[in-house]
Each structure stands twice: as C-alpha cells, then as structure tokens.
Amino acid sequence: MRRSIFFKFALIIIPIVLIFEVAEMYFSYRSIYDETFEASEKTVVTVAAEAADEFKYYNADDVRDCYECSNKFSEYCFQYGVTYIFAIEPDVENRNEKYISIGFGEGASDDAKETRYHGVVVEGTLSDEEIKVYNGEERYAVVHEVNRFDDTLLCYYSVNEYYDYETGEMKLRETPVLVAAEISFSRVIASVEARIKRIGAYEIAFAFISTSVIFIVLYLKISDPLKKISSRMKNFVVDREKDFEKLDVKGCDELAEMSKSFNDMADEIDSYIDYINKVNKERNMQEAELDIAKNIQAGLLKPPRYEDETVSINAYMKPAKNVGGDMYEYQVLDDGRVYIIIADVSGKGIIAALFMSRAITLLHQYALLGHSPSKMLFEFNNTLAEQNPKGLFITTFAAIYDPKTGLLTYSNAGHNRPYIVSDRLIMLDGAAGVAAGIFSNNEYEEETVRLNPGDTVFLYTDGVNEAECVSGELFGVAALEEVLEKHIGKAKGGITDDVIATVREYTDGALQNDDITVISMQVKQKPESRSLTTFAETKNLVDLKKMINDMPCLTVDSKAQLNLIAEEIFVNICYYAYEKNQGEITVELDVTNDSATLTFIDNGTPFDPTLDVVDINDYDHEKRIGGLGRFIVFEMADEYSYEYRDNKNILRITKNIN
C-alpha cells in the first residue's frame with residue numbers, strides 16, 4: 001500500500017506530541033499537587049497556631065466560654081478556609097480525646113456536627129503525634145489522617161497557658177490542651193483536579209493548534225513540493241516524449257537543491273537518450289547489414305546434414321560474431337565422388353565474412369569442375385592472391401572420396417590436421433602446405449588413404465582446440481582426441497554432436513573468442529546378405545556358423561554373439577519343429593551399417609518362441625525345466641518378432657553391431 005511522506009511525518013509527529021503532552025500533564029499534576037499540599041500544610045499550621053493563642057483567653061471549665069470559643073473557631077474556619085478547628089483534653093493513658101470547643105467551616109459533614117461537641121469523649125483516637133505534642137516533645141505536629149469523616153490534614157498545637165483575668169497574667173495549666181486545625185484533603189485534591197482539567201484543556205487545545213500548524217508547514221514546505229517533484233519525475237519517465245515542464249527552483253534549501261539536481265539530470269538524460277537513439281540507429285543499420293551478410297553466408301553453405309547410400313555428412317558452424325570467417329563445403333559429383341572441404345579465414349567480422357563468401361564460391365566451382373584437391377588449392381590460391389588488398393589468408397583442407405575404390409585423396413593448405421576415426425585414431429598429417437591467398441603459384445602436395453566401411457573423417461577449425469573456458473585455459477588437441485577415441489570401432493555416427501557438446505560444456509559461461517566449425521563424413525557399409533537352406537539336423541549347425549563367420553563386415557564380437565543366437569534357435573528347431581519327417585530350415589543373414597538380422601524359416605509345427613519365455617528368477621537350475629536358451633537369445637537381441645505365414649514359422653532376431 002502506497003503512503004505519502006506527509007502520512008509518515010504524521011505517524012512520527014503525533015506520537016511525539018502525545019508523549020510530550022502526557023508528560024507535561026503528569027509533571028503539572030505533580031507540581032500542583034505538591035504546591036497545594038504545601039499550601040494546605042502551611043494553612044493548618046498557621047490557623048492552628050492562631051487558634052491556640054486565641055484559646056488561651058477562654059476558660060475551658062466554663063461552658064459559656066467554650067461555646068464562645070467554638071464560635072470564634074468557626075469564624076477562623078471561614079476566614080482561612082479550613083474545615084474544623086477544635087480544642088481537646090487528651091487522656092494519654094487511655095488514648096481518649098475530650099472535645100472542649102469546636103468550630104465548623106465550609107464542607108464540614110453533618111455527622112461531624114452531630115458527634116463533635118463540647119464534652120464528648122472519643123475513645124482510642126489519640127495518636128502518637130498528639131502525645132508527643134502533649135508531652136512537649138514537639139512544638140506542633142502535622143498529621144495526614146483518614147477518619148470516618150474525611151481524608152484530612154491536621155496540625156496540633158499544645159496550649160500550656162491561660163490568661164488570668166484577675167491578675168492580668170498568663171499562667172501555666174495543670175494539664176495542657178491540644179488545639180487543632182483540620183482541612184479536608186479530598187477537597188484539596190478536588191481543587192487540584194479541577195486545575196489539572198483546566199490546564200489539560202488548555203494543553204489539548206495548544207497541542208491541536210501547534211500540531212495543525214506543524215502539519216500545515218510540513219505540507220506547504222515539504223510534502224507538497226515533494227509531491228510535485230515526484231509527479232514531475234513520473235511524468236518524465238512515462239511521458240518523456242511529451243512536453244516536460246521543469247521544476248521551479250525557489251529558495252536555497254534541500255528541496256530547491258533537489259529540484260535543481262532533477263532539472264539538470266533531466267537535461268543530461270535527454271541528451272544521453274538522444275545520443276543513444278543516434279547510436280542505436282547507426283547500430284541497427286550495421287546490424288541490418290550484418291544480418292544480410294549472415295543470410296548470404298548461410299545461403300552459400302550446404303545444409304548441416306546430408307546422407308546417401310555411400311556417406312553420411314554432419315556439419316556445424318557457429319561464428320564468434322554475427323558473421324564469421326569459417327566455412328565448410330561438400331559436393332557430390334555426378335560420378336559419385338564426394339568432395340569435403342573446410343577453411344578458416346584470418347580475422348573476423350564482415351571483411352573476413354566477405355572473403356570467406358568469395359572463397360566458398362571458388363571452391364564450389366572448382367569442385368564441380370572435378371579438379372583434384374591439389375589442383376583445386378593451386379587455382380584457388382592464385383585467384384585469391386591476385387585480388388587481396390587486405391592481405392587476408394585462408395587455411396584450407398580439401399579431400400575427395402571415391403566410394404568405388406574407397407580411396408580418400410586430400411591436400412592441405414596450412415589447416416588443422418584432420419582425423420580418421422577407424423579401429424584406431426589416425427591423424428592426416430601429410431600433404432602440408434602454406435595458407436592460400438598470399439603468394440601465387442604455390443604447389444600443393446596430395447596424398448591418398450583408404451577408408452573402410454564405418455570409418456569417419458573428422459575436420460575442424462582452430463576455434464575448437466583454442467576454445468577457452470572461464471579461467472582462460474584452452475580446450476586443446478588432447479581433449480579433442482579424447483572425445484574422438486570414444487568412437488573408435490563404432491560404425492554409428494554422432495562424432496560431430498559429441499565434439500560440439502563437449503566443447504560447449506567446457507566453455508560454459510565464457511565468451512566465444514573464435515568461430516567454431518566442424519564437419520565429419522562417415523563411410524557407410526553396403527548392406528550384405530547371405531542365405532542357407534539345410535536339413536533340420538544339428539550337424540548342419542557348422543554350415544550356419546561358417547556363413548556367419550565368412551561375413552567380412554562383422555567384428556569378432558558381433559560374430560560371437562550371432563553364433564550364440566543362431567545355435568540356440570537352430571537346435572530348438574531341429575529338436576521340436578518336426579514330429580516324424582525331417583524338414584528343412586532356411587536361415588537368412590542381413591547385415592547393414594548398424595545391425596545384423598537373422599531370419600529363421602521352417603514349415604514345422606506352429607510355435608511362437610517369443611511367448612512364455614522363462615523368468616530367470618523362477619528358473620529351477622536343478623530340475624532344468626528348459627527354456628533357458630530362449631531367455632538368453634531374447635536378452636541378447638535388440639529386436640525380435642515372430643509370424644506364421646504360408647504354413648511357415650518365421651522368426652526374426654536383430655542385433656545392433658556398433
């Protein structure tokens with residue numbers, strides 16, 4: 001929920017004002033209370049002393065004098081604002097008080113008037129303070145007392161003398177008399193509370209007025225200017241294209257500085273945005289040109305995947321920038337020969353891309369003309385060297401594969417040495433020459449190597465081995481060879497994808513510093529088929545194994561696995577297919593680049609061997625219930641199927657041979 005700064009100021013100021021007012025009320029109360037208490041104490045002391053002096057002139061034994069004294073005490077009560085003034089004779093031994101005279105003032109209770117009069121004795125009420133005054137230990141005593149009439153404050157004075165009218169002298173009394181002035185403390189507190197209420201009302205009014213003034217000042221001087229600044233900032237961000245009204249700079253306080261800073265910032269942002277728009281416009285034009293060059297370059301390259309009955313080609317290229325200086329090319333000629341080329345132009349960017357585009361066009365033309373790799377590089381080098389104002393050069397590897405002879409003829413113009421992945425890893429380190437495009441009439445050597453079915457030729461640019469990880473270390477040739485060695489002896493492809501995935505994992509998070517290009521060509525194995533028809537006798541198993549072992553395209557491991565499968569199925573057919581007359585068995589073997597399929601055909605009793613195959617966990621080795629051979633066969637097989645057609649059992653079992 002959005003809250004304004006004015007609201008936040010209110011949350012801070014209001015509690016502070018409330019705390020201040022409560023503290024002021026408390027201290028005011030304490031001050032008034034103490035002041036009133038002191039005044040009340042002073043009053044009762046003064047009145048008690050004056051009443052004691054007055055009492056000296058009255059005869060305590062004369063009832064009329066006592067009543068006259070009571071009247072005088074009443075006058076003093078109204079004159080000084082006390083509630084009671086009385087004289088008592090203490091009975092120290094029994095702690096009793098005998099009232100001699102008493103005067104009533106404003107606030108005196110009716111109960112006191114009825115029970116406090118001349119001659120009445122109040123038992124057990126004489127206090128220690130009264131006794132001390134009576135005994136002369138204290139001149140007077142001030143006592144805060146709560147009795148049945150009220151919460152009171154009293155002052156006791158001892159009267160030890162009396163006036164002798166006959167002699168006109170003061171004489172000592174045989175027993176002292178106590179004169180006391182009493183004031184209602186509850187009335188004092190009530191007056192204090194009344195004063196506090198008046199002061200509280202003034203304080204609340206003052207707090208309300210002062211808080212309102214503070215809020216008005218805060219709003220006019222802080223909140224309202226901040227709202228204007230915030231609104232202008234928002235409008236600047238949201239509606240920058242519209243006319244922007246700058247902030248007024250008034251005064252020299254922080255808000256004025258903020259307004260000035262914002263106006264300066266707005267001017268700088270406008271200038272910066274205009275500059276960015278200009279740069280972006282130029283950059284967009286450059287990017288558009290680069291996109292055109294990239295599309296042209298991509299249009300010149302062959303598709304990354306190609307496959308026919310003789311070869312399978314996989315390529316990958318990723319420029320370090322929008323356009324690159326790497327290239328690959330392959331071309332299948334009319335006579336079935338296959339050209340495969342890779343090249344790397346020195347430098348990067350648009351110039352290298354244009355140079356590469358020219359190079360790829362030339363190489364494509366020379367390949368169609370049927371030039372040998374060495375002649376291709378010779379003509380290619382001369383053409384580039386004649387018109388090369390930037391002094392660029394291009395490393396190039398060109399090879400041509402003849403599927404009829406199995407020969408790969410190649411020539412190298414300063415490029416990274418490719419590999420052949422066969423039953424071992426072979427580096428094509430022959431026929432080395434200088435890069436093309438610098439010097440004319442360079443002669444390039446040419447060499448030939450034989451490729452076997454399943455072999456893969458792998459070509460790459462230095463963007464692979466020089467790929468850097470985050471720490472700056474190079475991927476290296478050793479790491480590349482380690483990836484390639486994993487594919488030794490495997491007829492299935494995937495080398496290109498494996499290399500690129502490994503390089504990508506190695507450089508994860510690092511900036512690509514060079515174009516990365518790879519291309520691989522795998523020689524396919526021609527499908528071969530053999531067939532054997534013989535009587536269903538176990539002795540003829542030798543002929544079946546010979547047929548399998550004579551297939552030159554199969555590895556030793558593949559032959560061993562196929563022999564085991566063939567033996568189990570062939571023997572089962574010999575024992576169980578025919579009841580009386582001996583029948584025939586036809587076994588067909590079809591071998592492709594990836595797999596070998598054995599097909600068993602007999603016209604014996606219909607039987608589907610793929611059903612009710614024994615569960616190895618339930619197999620009883622001691623009783624030897626049978627079916628273990630079928631379990632082994634179908635566990636080894638990658639695919640299998642059975643059908644009964646034209647009165648014949650047909651079982652096909654396929655095993656991958658990679």
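- Residues I516 and D326 have side chains not in contact (no heavy-atom distance under 4.5 Å, counting atoms from C-beta outward).
- When every heavy atom of N59 is checked against every heavy atom of D65, the shortest pair comes out as N-OD2, 2.9 Å.
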Are L480 and E485 close enough, and set up right, to give a side-chain contact (heavy atoms from CB on, under 4.5 Å), and what steps lead you there? CA-CA 9 Å; L480 172 62; E485 287 172 352; over 6 Å; no
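- In this structure, S101 contributes its side chain and C66 its backbone to a donor-acceptor pair below 3.5 Å.
- With respect to D53 and K72, no salt bridge is recorded, no charged nitrogen being found less than 4.0 Å from a carboxylate O.
- Checked by atom type and distance alone, the side chain of D91 never pairs as donor or acceptor with a backbone atom of N96 at under 3.5 Å.
- Within the 4.5 Å cutoff, no side-chain heavy atoms of D515 are placed close to those of T461.
- When all heavy atoms are compared, the tightest approach of P90 to P176 is CD-O, 3.8 Å.
- For the residue pair T125/E97, the side-chain donor-acceptor check at 3.5 Å is satisfied.
- Minimum heavy-atom separation, D62 to R64: OD1-N, 3.0 Å.
- Side-chain N or O atoms of Y165 include one that pairs as donor or acceptor with a backbone N or O of Y57 at under 3.5 Å.
- By the 6.0 Å and 45° rule, R139 does not stack over the aromatic ring of Y157.
- At a threshold of 4.5 Å between non-hydrogen side-chain atoms, the residues I183 and T152 do not count as touching.
- R305 places no side-chain N or O within 3.5 Å of a backbone atom of N314 that could act as its donor or acceptor partner.
- A 4.5 Å side-chain heavy-atom check between V159 and R173 finds at least one atom pair inside the cut-off.
- Listed for the S346 side chain is no donor-acceptor partner under 3.5 Å among the backbone atoms of L392.
- Distance check: E106 CD to S74 OG gives 13.0 Å after rounding to the nearest 0.5 Å.
- A salt bridge is absent between K98 and E123; no separation between the charged side-chain nitrogens and carboxylate oxygens falls under 4.0 Å.
- Residues forming a salt bridge (charged side-chain N to carboxylate O under 4.0 Å, His left out) with D110 (at least two apart in sequence, or on another chain): none.
- Closest non-hydrogen pair, A51 versus Y76, comes out as CA-CE1, 4.1 Å.
- Around the CD atom of E481, the shell of radius 6.0 Å holds more than 12 heavy atoms that belong to other residues, nucleotides or ligands.
- Surrounding NZ of K132 are at most 12 heavy atoms belonging to other residues, nucleotides or ligands under 6.0 Å away.
- Residue-environment remark: CD (E137) exceeds the threshold of 12 foreign heavy atoms within 6.0 Å.
- Taking the ring pair (Phe, Tyr, Trp, His ring centres under 6.0 Å) definition, one finds that F355 meets it with nothing, sequence neighbours left out.
- Checking S109 against D111 by side-chain atom types alone, no donor-acceptor pair falls below 3.5 Å.
- For F104, the CZ atom sits in a packed shell: over 12 heavy atoms of surrounding residues, nucleotides or ligands are nearer than 6.0 Å.
- Within the model, atoms CZ of F78 and CD1 of I85 stand 10.5 Å from one another, a figure rounded to the nearest 0.5 Å.
- A donor-acceptor contact shorter than 3.5 Å is absent between the side chain of T83 and the backbone of G105.
- Summarising the geometry, atom CG belonging to L154 is positioned 11.5 Å from atom CG belonging to L178; distances are rounded to the nearest 0.5 Å.
- A donor-acceptor pair is defined here as one N or O able to donate and one able to accept, closer than 3.5 Å; such a pair exists between the side chain of N135 and the backbone of I131.
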Could you go through L484 and F458, starting from their C-alpha distance and side-chain angles, then the distance that decides it, and tell me whether this counts as side-chain contact (heavy atoms from CB on, under 4.5 Å)? CA-CA 9 Å; L484 298 177; F458 180 81; 4.0 Å; yes
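- Closest heavy-atom contact between C469 and Y506: CB-O, 3.4 Å.
- For the atom pair CG (D514) and CG (N465), the distance works out to 9.5 Å, reported to the nearest 0.5 Å.
- Only one option out of V142, V179, V143 pairs with Y156 in a side chain to side chain contact (heavy atoms under 4.5 Å, CB included); it is V143.
- At most 12 non-hydrogen atoms from other residues, nucleotides or ligands lie less than 6.0 angstrom from CD of E473.
- Using a 4.5 Å heavy-atom threshold, the side chains of V499 and V464 count as touching.
- Between D164 and K56, no side-chain nitrogen of the basic residue sits less than 4.0 Å from a carboxylate oxygen of the acidic one, so the salt-bridge criterion is not met.
- Between the CE atom of M317 and the CD1 atom of I519 there is a distance of 11.5 Å, given to the nearest 0.5 Å.
- At least one side-chain heavy atom of T175 sits under 4.5 Å from a side-chain heavy atom of Y134.
- Between S127 and E130, the side chains place a donor N or O and an acceptor N or O closer than 3.5 Å (distance only, hydrogens not considered).
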Check against side-chain contact (heavy atoms from CB on, under 4.5 Å), T507 and F475: CA-CA 8 Å; T507 60; F475 181 69; 5.9 Å; no
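- H118 contributes a side-chain N or O that, together with a main-chain N or O of I100, makes up a donor-acceptor pair within less than 3.5 Å.
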Check the pair Y99 / F86 against ring-ring contact (aromatic ring centres under 6.0 Å, His included), numbers first and verdict last. CA-CA 7 Å; Y99 282 86; F86 55 87; 5.4 Å; yes
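- The side-chain heavy atoms of I342 and T517, taken from C-beta on, include a pair separated by under 4.5 Å.
- Distance OG/S520 to NE2/H487: 9.5 Å, rounded to 0.5 Å.
- Between Y163 and E169, the side chains place no donor N or O within less than 3.5 Å of an acceptor N or O (distance only, hydrogens not considered).
- Shortest non-hydrogen contact noted between E468 and A510 is O-CB, 3.4 Å.
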Run K171 and E161 through side-chain contact (heavy atoms from CB on, under 4.5 Å) and show every step you take. CA-CA 5 Å; K171 295 183 179 181; E161 298 175 324; over 6 Å; no
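- Looking only at side-chain heavy atoms (C-beta outward), F73 and I102 stay at 4.5 Å or farther from each other.
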